[in-house]
Number of protein chains: 2
Amino acid sequence: MHVMQVDWDDLKTVLALVRAGSLAGAGNALGVNYTTVARRIQRAEAAIGIKLFERLADGYRATETGRMVADHAAAMEVEQDAMLRLLQGQDQTLSGALVITAPQLLIGPYLGPVLDLFSRRHPQVRPWVRASNDLLDLRRREADLAIRISRAPGDTLTGLRLCAQNTAAFASPDVARRIADDPEAAIDWIVYHQTPEVPAAALAARPNARVRMVFDDMVAMVGAAQAGLGVVRMPMFLGRSTPGLVQVPAMPPQPYADIWVVAHPDVWPGAKPKAFRDLLVPHFRARWRDFVATPGPG
Amino acid sequence: MHVMQVDWDDLKTVLALVRAGSLAGAGNALGVNYTTVARRIQRAEAAIGIKLFERLADGYRATETGRMVADHAAAMEVEQDAMLRLLQGQDQTLSGALVITAPQLLIGPYLGPVLDLFSRRHPQVRPWVRASNDLLDLRRREADLAIRISRAPGDTLTGLRLCAQNTAAFASPDVARRIADDPEAAIDWIVYHQTPEVPAAALAARPNARVRMVFDDMVAMVGAAQAGLGVVRMPMFLGRSTPGLVQVPAMPPQPYADIWVVAHPDVWPGAKPKAFRDLLVPHFRARWRDFVATPGPG
DNA sequence: AATGGTACATGCAATTATGCATGTCATGCA
DNA sequence: TGCATGACATGCATAATTGCATGTACCATT
């Protein structure tokens, strides 16, 4: 029996399985077959001489030793990510993948044209778009560039402000007509689960209002508005660019967080992220009026 | 082309090659064939898209990027070593390898019997002895236990003092006879390269003395003394246990650093290191007189 | 009780990685 | 100049790893 040695990729596999809880989940994360995950775990356990996981009916559960091993593997992953970020930041080629994340509803009308232009300008670069309303972890390289709605780029990220924005009230034409015909009619609001009340600014404008439905998904919420189920407060770019919605006077336009493009400082100088920003920033700067209530200076 | 992914074992291979400077050296360190090292380096360079090494006639030389990658891989290795130390410290089995390092000349007469007993007591444990006068890096797991000559265990290590010791002057019987026959005769010293002068205590006892030869290897130096080339200051246990050497009055016995057994704190509690200490400590405690000048309390 | 879905275990075939053998090149020494 | 040594490159055979297919088990739902 030799001195204890574990393949580093087996440690990575242990980490993936601790995180995922199942062979299939870990295999997806690693890009290998789930039977490969099972065999690597067996190999790691043989090398270490201790069980790292209990095999349960509904998946693998890490033992205390398994969690300890995963903690160290996570620290190794931090080093790998730091290295890869530096490599990306130094990468002056315009070929290979560029991972961009943005909220789903911002991609179609605004990122779409930029991606189209970018792809024509730089055919060797493959944009990989990760639509997500969650903030992906740029330190862990879940994306290279992120378009975010926030008030600042974030303490650890480098960013550029794309434009300011407002929210306003939008509804289907039928709902809009009913509101216009009867200024005293009750307003049915469809609200987002994170702020499940009638907006304060809306109550000031039209007090006779109630929350009719609460949604936890913005796409579905927009669909509900299109279907005439009520009034939705949404960013003005979204209301204006969604067919079947019109702005209604249920709430005056409100200030909202800005739109930013951000990246990890290590990645920011890379040629690919820079090339994408070179097209993105002018595109947004040319269309800032779409995002705010008045066509004056923002 | 996918998002950049590098096998972690390939990163480990990059680190080994930066350290070794040649494919063969790296292969030795990793326990794989040198052609495997070459292919893993090619694989890593393909995955990253940048050359990590220049191929020179006398080996591989890391580029700046190669060194950066190796730095991160070294940090990953620190994590691996911390994990493995914890695993070893928690290991309550008495099977598998135990790596012990000690100065060459201490092994034969003193560790040999302990190793013999230990191996009989615990046949499932395989001692792996690394004879070295250099201090191996216990944090990097170059050894599990170290027998060292020093004044303290070291800031980051856990240790037990085995015994005190003195040095004295030893020579061949012929040289000893010449010294005894003529108290005014010049003394030829053979000295160690780190302190290449006649010992001050020797000059006080016999001022007519000179450095005849300087050695950088203790084993060779002992051999030179046996061959009658001069007087050597050495630990008393060594002089006493080496055939063909006798103590000579060229220098009174001098205080010298103690002998310790040390380990990394994470590894110290493990069953194997503890079992070895359980035999080692009594063995030395029973023979402390071998190491000092007088048979009184040390 | 039956069914569908999810998860894991295992044997076999395919793919990938590795080691060996051979050849080439550069360098230092006699 | 010739030889020995050390280093790397490459093709081929072998060994190891991986993915696929099949089977079993468990749980939730109907």
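Just so it is clear: chains get the letters A, B, ... in the order the sequence lines come, proteins before strands, and each one is counted from 1.
Salt bridge annotation for A:Asp188-A:Arg210: present, with a cationic side-chain nitrogen under 4.0 angstrom from a carboxylate oxygen. A salt bridge links B:Asp91 and B:Lys272; the closest N-O separation between the charged side-chain nitrogens and carboxylate oxygens is under 4.0 Å. A salt bridge is absent between B:Glu77 and B:Lys12: the closest approach of a Lys/Arg side-chain nitrogen to an acidic carboxylate oxygen does not fall below 4.0 angstrom. A salt bridge does not link B:Asp81 to B:Arg85: none of the charged nitrogens lies less than 4.0 Å from a carboxylate oxygen. Comment: B:Glu45 engages B:Arg55 in a salt bridge, judged by a side-chain N to carboxylate O separation of less than 4.0 angstrom. Contact check on A:Asp71 versus A:Arg67 returns no salt bridge, with no Lys/Arg side-chain nitrogen under 4.0 Å from an Asp/Glu carboxylate oxygen.
When rounded to the nearest whole Å, the span between CD of B:Glu54 and P of D:dA9 equals 13 Å. Atom C1' of nucleotide D:dT17 and atom CG of B:Asp9 are separated by 13 Å, given to the nearest angstrom. The CG atom of B:Leu30 sits 13 Å away from the C1' atom of C:dT18 (whole-angstrom rounding). In this structure, CZ of B:Arg39 is placed 16 Å from C1' of D:dA7, rounded to the nearest angstrom. Nucleotide D:dC8 holds its P atom 13 Å from the CD atom of B:Glu45, rounded to whole Å. Atom CZ of B:Phe53 and atom P of D:dA7 are 15 Å apart (whole Å). The interatomic distance linking B:Leu23 (CG) with D:dT5 (C1') rounds to 16 Å, in whole Å. The distance between atom CG of A:Asp10 and atom C1' of D:dT17, rounded to the nearest whole Å, is 11 Å.
Contact annotation: A:Arg40 reaches the phosphate of D:dT18 (side-chain N/O to OP1 or OP2, under 4.0 Å). For the pair B:Arg43 and C:dA17, the criterion of a side-chain N or O lying under 4.0 Å from OP1 or OP2 is met.
With DNA chain D read from its 5' end, the first of the two nearest nucleotides for B:Tyr60 and A:Asn33 is the one closest to B:Tyr60. The 5' end of DNA chain C is approached more closely, in terms of each residue's nearest nucleotide, by A:Asp58 than by the other of A:Asp58 and A:Gln42.
Looking only at distances, a side-chain donor or acceptor of B:Glu142 sits under 3.5 Å from a matching main-chain atom of B:Asp137.
Among the nucleotides C:dA26, D:dC26, D:dC8, the one closest to the side chain of B:Tyr34 is D:dC8. Looking at the side chain of B:Thr36, the nearest of the listed nucleotides C:dT18, C:dT22, C:dA9 is C:dT18. Comparing C:dG19, C:dA7, D:dC8 against the side chain of A:Ser22 picks out C:dA7 as the nearest.
Two end axes, each from the C1' atoms of five base pairs, can be drawn for the helix from C:dA1-D:dT30 to C:dA30-D:dT1; they diverge by 20°, to 10 degrees.
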